Visitor: 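Mind having a look at this structure? Questions to follow.
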Amino acid sequence: MKITALETVHVAEFSNLVWVHLHTDAGIVGLGETFRNSDAVVTYLHETVAPYLIGKDPRQVERHADALVNRVGNHFFGYPSRSIEYRGNSAADLALWDIKAKALGVPLHELLGGTCHDRLRVYNTCASDGYNKQARADINSHQFGPGDAPAPVGALDDLAAQHADPGALAESLLADGITAMKVWPFDAYAMESRGHHIAPEGLETGVAKLRAIRDAVGSRMDIMLELHSLWHLPAALQIARAVDDLGLYWLEDPIDTANFDDLARYRDAVNARVTASENLGSVRWCREALQRGAVDVVSSDLVWLGGVTAGRRIAALAEAFDRPVAFHDCAGPVGFWTNLHLLFAAPNALIMESVRAYTRGFYRDILTELPRIENGYVFPESKPGLGAELNPALLARPDTVIRRTD
């Protein structure tokens with residue numbers, strides 16, 4: 001089997017996302033995805049990845065992953081994750097694994113050792129259907145001023161609800177069987193001070209939103225606090241002290257995770273789990289963070305950091321340090337499928353991120369199938385490969401641009 005062409009699919013409505021089709025002479029087409037910096041990623045995929053992959057056997061996934069990092073795409077490492085090269089390589093890697101599993105007629109998790117779990121608990125990242133799917137700054141909640149709240153987007157807008165009525169949001173999630181939620185009430189204050197300072201009023205306002213969840217639903221809901229790597233250590237510790245009595249499930253990316261010493265100091269000073277990092281969660285970053293005891297839960301993002309090939313190494317590395325994985329996913333539906341396969345195959349999988357506004361919203365416009373989520377749990381699937389394809393209607397849209405290199 002040989003790769004005959006690489007296609008990129010880019011849709012204006014979902015401009016933060018890029019999809020990749022790898023075509024083969026056996027008629028099997030692999031599907032991949034990455035997120036953000038779309039125009040540059042598309043250029044890289046056609047300029048660098050396509051000339052390397054075309055004519056090669058797609059089943060030699062490890063060979064291609066090594067070549068694209070070390071010999072073809074990013075030999076001089078530079079920023080060692082979330083670069084254009086790593087994003088493009090991640091999308092290609094997903095497509096290669098999809099081809100391999102389809103050629104064998106098995107779901108991807110079978111290639112990774114089979115399922116370790118019958119079901120996995122999900123948590124809800126409290127975003128809206130419009131959050132993050134377009135390359136616009138104003139859809140990110142930390143761009144809003146401290147006195148503002150995002151305008152509701154659609155019927156199910158958990159982003160607006162986490163600001164306006166977090167207690168009612170928690171009750172709504174429990175009614176869906178979801179018992180864990182992630183919110184980010186402090187981001188706007190970091191934007192004011194570049195993360196160096198939070199005033200008492202801002203601290204009280206953020207804490208009040210978290211306390212409203214506890215007051216509404218008590219211990220029935222686990223609360224994750226997302227801090228988006230926006231804070232420097234003193235202010236991050238100030239926030240951690242202020243929320244300590246709320247019994248948070250984890251504190252996610254509290255500081256710039258390139259600062260290993262500060263992250264380790266933070267870990268030693270707080271009581272909740274520390275989760276990291278979608279930002280620098282490469283294999284090398286995880287090795288360093290785990291060696292320093294700086295992280296309790298590894299939350300790498302597979303469409304930014306090397307795809308399935310990197311993800312399975314990260315899961316194994318975390319297991320070697322007796323730590324769980326909970327891969328980041330607040331992006332696209334192909335990445336969501338990939339997380340499902342890897343987590344079901346990982347004995348140290350803790351919980352799976354989901355966004356109900358996505359799974360009930362725009363994900364359905366993009367893919368032919370979505371995983372089954374019921375009563376706060378996601379279940380493994382048995383379809384070959386990743387488990388879904390891009391909707392034909394998506395490919396036929398007037399705002400869809402398909403570029404092909406043979």
Side-chain angles (χ1 to χ4, degrees), residues 120-127 141-142 158 162 166 169-170 173-174 178-187 190 206-207 209-214 217-231 233 235-257 259-260 262-281 285-286 289-290 292-301 314-315 317-319 321-330 339 343 346 348-355 376-378:
L120 280 170
R121 185 184 179 207
V122 299
Y123 73 88
N124 186 70
T125 291
C126 296
S141 70
H142 58 69
D158 294 342
Q162 70 159 281
L169 171 59
L173 291 166
L174 286 175
I178 298 169
T179 58
M181 61 190 291
K182 185 162 75 180
V183 294
W184 43 103
F186 296 104
D187 284 17
V207 171
K209 291 178 180 179
L210 297 171
R211 195 172 301 282
I213 297 171
R214 278 283 172 260
V217 300
S219 61
R220 291 180 293 156
M221 178 66 69
D222 283 321
I223 306 170
M224 290 89 159
L225 177 58
E226 170 69 83
L227 294 156
H228 284 131
S229 297
L230 294 172
W231 298 94
L233 181 61
L237 287 173
Q238 185 181 4
I239 293 169
R241 287 192 293 268
V243 302
D244 189 56
D245 68 319
L246 294 170
L248 300 186
Y249 190 79
W250 74 41
L251 303 163
E252 183 168 342
D253 281 343
I255 65 170
D256 181 348
T257 49
N259 297 324
F260 289 108
D262 278 357
L263 188 60
R265 289 168 63 192
Y266 183 90
R267 167 62 254 134
D268 288 343
V270 304
N271 291 317
R273 295 177 182 89
V274 174
T275 298
S277 169
E278 67 195 74
N279 293 311
L280 277 171
W285 181 90
C286 288
L290 290 163
R292 292 173 182 243
V295 62
D296 297 307
V297 182
V298 175
S299 59
S300 303
D301 189 300
I314 289 166
L317 182 62
E319 186 183 18
F321 280 88
D322 198 27
R323 295 293 185 271
V325 289
F327 294 121
H328 174 260
D329 179 20
C330 189
N339 281 351
L343 289 173
N348 57 329
L350 177 64
I351 195 168
M352 182 165 170
E353 182 171 14
S354 66
V355 183
Y377 289 89
V378 65

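Because the structure is predicted, anything quoted here is derived from the model rather than measured.
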Visitor: Whether the Thr257 and Asn279 side chains hold a donor-acceptor pair (N or O, under 3.5 Å, no angle test) is what I'd like checked.
Guide: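 Per modelled atom types, Thr257 and Asn279 side chains form no pair under 3.5 Å.
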Visitor: Quick one: do Asp222 and Arg121 satisfy salt bridge (charged side-chain N to carboxylate O under 4.0 Å, His left out)? Show the steps, please.
Guide: CA-CA 12 Å; Asp222 283 321; Arg121 185 184 179 207; 2.7 Å; yes
Visitor: Between Asp268 and Arg265, does at least one N-O distance fall below 4.0 Å, as a salt bridge requires?
Guide: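 Salt bridge flag = no for Arg265 with Asp268.
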Visitor: With sequence neighbours excluded, tell me which residues meet side-chain hydrogen bond (donor to acceptor under 3.5 Å, both in side chains) with Arg220.
Guide: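 With neighbours one apart ignored, the set is empty.
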Visitor: Hey, mind stepping through Arg211 and Asp245 against salt bridge (charged side-chain N to carboxylate O under 4.0 Å, His left out) and telling me if it holds?
Guide: CA-CA 10 Å; Arg211 195 172 301 282; Asp245 68 319; 3.4 Å; yes
Visitor: How many angstroms lie between atom CG of Asp296 and atom CG of Leu290, to the nearest 0.5 angstrom?
Guide: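 Rounded to the nearest 0.5 Å, the CG-CG separation comes out at 9.5 Å.
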Visitor: Could you tell me whether the side chain of Ser299 and the main chain of Ser277 form a donor-acceptor pair under 3.5 Å?
Guide: yes
Visitor: Is there a donor-acceptor pair closer than 3.5 Å between any side-chain N or O of Ser229 and the backbone N or O of Ile255?
Guide: yes
Visitor: Could you tell me whether the side chain of Val297 reaches within less than 4.5 Å of the side chain of Tyr249, counting heavy atoms only?
Guide: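 Side chain of Tyr249 against side chain of Val297, heavy atoms only: no contact under 4.5 Å found.
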Visitor: Please assess Leu173 against Cys126 for the test side chain to side chain contact (heavy atoms under 4.5 Å, CB included), listing each intermediate value before the final yes or no.
Guide: CA-CA 10 Å; Leu173 291 166; Cys126 296; 4.2 Å; yes
Visitor: Working note: Arg241 + Asp244, criterion salt bridge (charged side-chain N to carboxylate O under 4.0 Å, His left out); need CA distance, chi angles, decisive distance, verdict.
Guide: CA-CA 5 Å; Arg241 287 192 293 268; Asp244 189 56; over 6 Å; no
Visitor: Can you list everything that forms a ring pair (Phe, Tyr, Trp, His ring centres under 6.0 Å) with Trp250? Sequence neighbours excluded, please.
Guide: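 Counting only residues at least two positions away or on another chain, Trp250 forms a ring pair (Phe, Tyr, Trp, His ring centres under 6.0 Å) with Tyr123.
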Visitor: Hey, what do you get for CZ (Arg267) to OG1 (Thr275), rounding to the nearest 0.5 Å?
Guide: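 Reported value, rounded in 0.5 Å steps: 9.5 Å.
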Visitor: Got a donor-acceptor contact below 3.5 angstrom from the Gln162 side chain to the Trp184 backbone?
Guide: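 Yes.
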Visitor: Is it true that a side-chain atom of Arg214 and a backbone atom of Met221 form a donor plus acceptor pair closer than 3.5 Å?
Guide: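 Side chain of Arg214 to backbone of Met221, a donor-acceptor pair under 3.5 Å: yes, one is there.
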Visitor: Would you say Asp322 has more than 12 foreign heavy atoms packed within less than 6.0 Å of its CG?
Guide: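 Atom CG in Asp322 is not packed in, count stays at 12 or less.
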